[in-house]
Amino acid sequence: MDFTKEEILGILDSYDLDNITIATICSHSSLQIFDGARKEGFKTLGICLRAPPKYYDAFPLAKPDEFLVLDRYDELLDKVEELKAKNVIIVPHGSFIAYMGTDKFAQLGLPTFGNRNVLEWESDRKKERQWLVGAGIHMPDVIEDPRDIDGPVMVKYDGAQGGKGFFIAKSYEDFLEHIDDTKTFTIQKFLTGTRYYLHYFYSPIKEDGYTLSKGTLEMLSMDRRVESNADEIFRLGSPKELMEAGIIPTYVVTGNAPLVARESLLPLIFELGSRVVEESLKKFGGMIGPFCLETVFTDDLEIKVFEISARIVAGTNLYISGSPYADLVEENLSTGRRIAREIKIAKETGKLDEIIS
Amino acid sequence: MDFTKEEILGILDSYDLDNITIATICSHSSLQIFDGARKEGFKTLGICLRAPPKYYDAFPLAKPDEFLVLDRYDELLDKVEELKAKNVIIVPHGSFIAYMGTDKFAQLGLPTFGNRNVLEWESDRKKERQWLVGAGIHMPDVIEDPRDIDGPVMVKYDGAQGGKGFFIAKSYEDFLEHIDDTKTFTIQKFLTGTRYYLHYFYSPIKEDGYTLSKGTLEMLSMDRRVESNADEIFRLGSPKELMEAGIIPTYVVTGNAPLVARESLLPLIFELGSRVVEESLKKFGGMIGPFCLETVFTDDLEIKVFEISARIVAGTNLYISGSPYADLVEENLSTGRRIAREIKIAKETGKLDEIIS
Amino acid sequence: MDFTKEEILGILDSYDLDNITIATICSHSSLQIFDGARKEGFKTLGICLRAPPKYYDAFPLAKPDEFLVLDRYDELLDKVEELKAKNVIIVPHGSFIAYMGTDKFAQLGLPTFGNRNVLEWESDRKKERQWLVGAGIHMPDVIEDPRDIDGPVMVKYDGAQGGKGFFIAKSYEDFLEHIDDTKTFTIQKFLTGTRYYLHYFYSPIKEDGYTLSKGTLEMLSMDRRVESNADEIFRLGSPKELMEAGIIPTYVVTGNAPLVARESLLPLIFELGSRVVEESLKKFGGMIGPFCLETVFTDDLEIKVFEISARIVAGTNLYISGSPYADLVEENLSTGRRIAREIKIAKETGKLDEIIS
């Protein structure tokens, strides 16, 4: 019994909108989400397992006003009435959905920032590709049959957390040697270039700015993911030398580093973001709020997109008090704060129905 | 009919100095230049092709007050009277000159921030070298005859944008295999170390601070350029392995990443900047405003300079609201703002003739 | 005749606490220490050789109120009475102790921020290991006999500044080829992963926050060291190819780059910091103020600690006006400022005896 947007808006009708509480699971980008909510004047609630995470005590500006302590994340489903009474709006981040599971998340009868329909489009690589290619985005070629590998490819396991197990293969033999065939996987042509993770924000309700067919698009920041052990393993040997020594490069995200792009690429960066949003409006009513295009900038100054995250990404944690891009929008603006701001504006203009589902 | 400084100062005499407009081409570091000009109270004008770039709408704090729309950049020469009427001062960035061409830029009869004479010294690798070596700077050895290559060298095409086509060769055979002999090139000994792009600001009119024979030197920030595909191609193979597979590392700048240097290197960093400025004062009346030394820090903690940019570089785009260095000069100081500040101070103290040409 | 804590506190008793001067040697992280002291309202004094470093003139917010000019750093011992008259509290940074020498530093009869006893535990790799392993920290295995090398190891010379001479060996033969046997060294198993240098602050007197058995722990920032030439040498060849060409990768620190860690690792990060502090409290009365764990994050998301710095590290120079972590503690908080704040709070609450020795 998944909730429909209509049902959720029904719940929202019963809310005391002057006492909204912003809630999320204590992980991923939650410090920033709570800090931003506080800056915009909201109450905050942290969802956690077993006990409030002690590390929050070290960050007083990001510590939520209260905690909801669970034994398992799916117990959240049993706490819905309690949270409704607090006028809770859920801000989902990447780990939120990974921790709860897509199915349970769909059953969560609480007003949630963003569009629930995006889930089915981003959690399935085939539908994700259909969406992005439909938007006219250049994605790396997918190789359906591993026997067709005739140059460097990246093999990705579906639903893998943080790049766990991904590997580069240059031939079918390489592939056979490393594949874990108990898992489903996708083979993408390896893109040479430099990785940029582009942090956008799409508002369906803001009218001035970089306008789309409906609403506006912002570019708040960018990062490069720090991947263990791939980022520093060259100190030991080339991939081939390592392979011979039985050392396998891995692509587990351990953190993020800041960067900016050439200003002359901004038109293209906005163009790509726009197309993805426009296509989402057509396909499922729009991807609302923060999203990230995971890209490679080639030496032809083309931008290839290899994946999309349809919500706040952890790379924005670099920019708690602004970024080289957000600083040109407004001082002291994090993505977490931007989300809270969107909720605030929607509340004040009677448009919560356009950003909540 | 290139303009002389005297002619330009004549134009400036006719200006209403209480209504100066800062203008530049919409690219490279223009967001920062406009944001800085606005912060210092100037009107701003963006020069662009075909239509105002839409991405400015996403950055309200950096959006110029008005746009001048052209079909080709050299049409700027026809708009001079119009721009004079707006009391325009041009702030040239790296792409400004690349887009207009050195010859056309010399013919632009508008007051321009900085010293026009620097152009001939930086656009010609031989004169650039003469300047830097004259300043006592350690530059990588140049190899005149490719047959003399006996260890790693970097081959650079003259006037190449963003490192396009550069390559590393280790032997004459390597060189022959990769050289595009339709272009002129320079062969520099490859420097092993870590790259730092040092962002200085030289003011001929400021009297307190790190003083030179005339004026003062500031260090506002540093960056490392992100180069596609060289920065991440090690994930695929060693240079030798890649070469065998027909994959060529490339050095096209796609963006910039922040860093700081050991504090114990600051005396040397200032020493290098000072010498380059002092030599410029002797050779052509001084390099005014922002400049960048493109360096390698070796493991002997020596700093080798492989190139100079005599104006604002895109790496400063990381530091819209300050940097770990600028924050010790003054809060919220970007290089773009520093330029506007210089113009403001010069105006207030009657010294525009010292920073405009 | 090393000074005891009791003798130092006796000196402090004679101080005019409303006129404290914060002093350090002009290098390493001194700009930040002076800037932070100024922000907290303290007078500042820079200790330097031969003449005040001119680069301070370029950073007015970090320039100390006065300089003490020496010919050799150990002359500081002769200036003690003069400095006492100025109510000087010394803030030691990494280079302070390296420049003075551990023995001379112990003889310095001036109130010093932190616990002098930490010195003997961090300057001796065996005691350092005993401390960290005692705290339950995973350190890389040490190989006592080079003949036992059977996979990649890092060979480190004791007391080497900035990684000078460190090398990776994969076999005993490798080791023999590169070792400088005039020096004492340690052989650690090479850790594959990504390096994070974690900047903590331990306050024995602060009561609210992330509490330990006594006092509180803060996480202010993190960095990755920029190492010359190891960071960029892959552009030339794989380690093996380089070795054959007689080019040796080196690990000399030239600067620092910013990053953040996955939020889900924060509990572990605080756990590691806590354990190290708790063990220091047991072993020698506590490591007070800033410290740094030098770590590798593996692809299993484990954190291995390969070294500890028991005072302010240069990586904090990235964060003069805050960091993605410090910004959640308080706006505009550098580690340098945090030190000054600690002295201020201790003074106001009569607890200087707990943070000075």
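Letters A, B, ... mirror the listed sequences (proteins, then strands); counts begin at 1. Keep in mind that the numbers below use all heavy atoms, side chains included, and drop hydrogens, waters and symmetry copies.
Contact of A/Asp223 with chain C is not made at all, since no heavy-atom distance falls under 4.5 Å. With a 4.5 angstrom heavy-atom cutoff, C/Ser264 touches chain A via backbone and side-chain atoms both. Heavy atoms of C/Asp208 lying under 4.5 Å from chain A are absent altogether. With a 4.5 Å cut-off on non-hydrogen atoms, C/Glu330 touches chain A through its backbone but not through its side chain. Of the atoms belonging to C/Leu217, it is backbone heavy atoms, and not side-chain ones, that fall under 4.5 Å from chain A. Of the two parts of C/Pro267, the backbone and the side chain both hold a non-hydrogen atom closer than 4.5 Å to a non-hydrogen atom of chain A. Only the side chain of C/Phe190 comes within less than 4.5 Å of a heavy atom of chain A; its backbone N, CA, C and O stay farther away. Both the backbone and the side chain of C/Arg195 come within less than 4.5 Å of a heavy atom in chain A. Using a 4.5 Å cut-off between heavy atoms, A/Phe34 makes no contact with chain C at all.
Summarising the local packing, CG of C/Asp150 is surrounded by 12 or fewer heavy atoms from other residues, nucleotides or ligands at distances under 6.0 Å. Within a 6.0 Å radius of NE2 in C/His138, other residues, nucleotides and ligands contribute 12 heavy atoms or fewer. For A/Lys104, the NZ atom counts as loosely surrounded, since its 6.0 Å shell holds 12 or fewer non-hydrogen atoms of other residues, nucleotides or ligands. Open room surrounds NZ on C/Lys189; 12 or fewer heavy atoms of other groups in view lie less than 6.0 Å from it.
The candidate from A/Ser238, A/Pro60, A/Ala257 with the greatest count of non-hydrogen atom pairs under 4.5 Å with chain C is A/Pro60. Taking chain C as the reference chain and counting heavy-atom pairs below 4.5 Å, the highest number among A/Ser334, A/Gly315, A/Gly237 is found for A/Gly237. Interface check for chain C: of the options A/Glu241, A/Lys63, A/Lys240, the most heavy-atom pairs under 4.5 Å are formed by A/Glu241. The greatest number of non-hydrogen atom pairs below 4.5 Å with chain C, out of A/Asn256, A/Thr254, A/Ile233, is found for A/Thr254. In terms of non-hydrogen atom pairs under 4.5 Å with chain A, the most contact-rich of C/Gly151, C/Ala261, C/Gly193 is C/Gly193. When the candidates C/Thr194, C/Leu328, C/Leu259, C/Leu301 are compared by the number of heavy-atom contacts under 4.5 Å with chain A, C/Leu328 comes out ahead.
The distance from the CG atom of A/Leu236 to the CG atom of C/Leu191 is 10.0 Å, given to the nearest 0.5 Å. In this structure, the separation between OH on A/Tyr55 and CG on C/Leu268 is 12.5 Å, given to the nearest 0.5 Å. Rounding to the nearest 0.5 angstrom, the gap separating the CG atom in C/Asp327 from the CG atom in A/Asp35 is 8.5 Å. Atom-to-atom distance recorded for A/Thr250:OG1 and C/Asp300:CG is 8.5 Å, nearest 0.5 angstrom.
Between C/Tyr196 and A/Val226 there is a side-chain heavy-atom pair separated by less than 4.5 Å. Put simply, the side chain of C/Thr298 does not reach to within 4.5 Å of the side chain of A/Asn229, judged on heavy atoms. Two residues are said to be in side-chain contact when any heavy atoms from C-beta on lie closer than 4.5 Å; C/Pro249 and A/Arg235 fail this criterion. Counting only heavy atoms from C-beta outward, the side chains of C/Thr211 and A/Asp57 never approach each other to under 4.5 Å. Residues C/Arg262 and A/Asn317 are not in side-chain contact: their nearest non-hydrogen atoms beyond the backbone lie 4.5 Å or more apart.
At a cut-off of 3.5 Å, with distance as the only test, no side-chain donor of A/Ser321 or C/Glu331 sits close to an acceptor on the other residue.
Distance alone, capped at 3.5 Å, is enough to place a donor-acceptor pair between the C/Glu263 side chain and the A/Ser30 backbone.
Between A/Phe59 and C/Tyr325, the ring-plane angle classifies as tilted under the 30° and 60° cut-offs.
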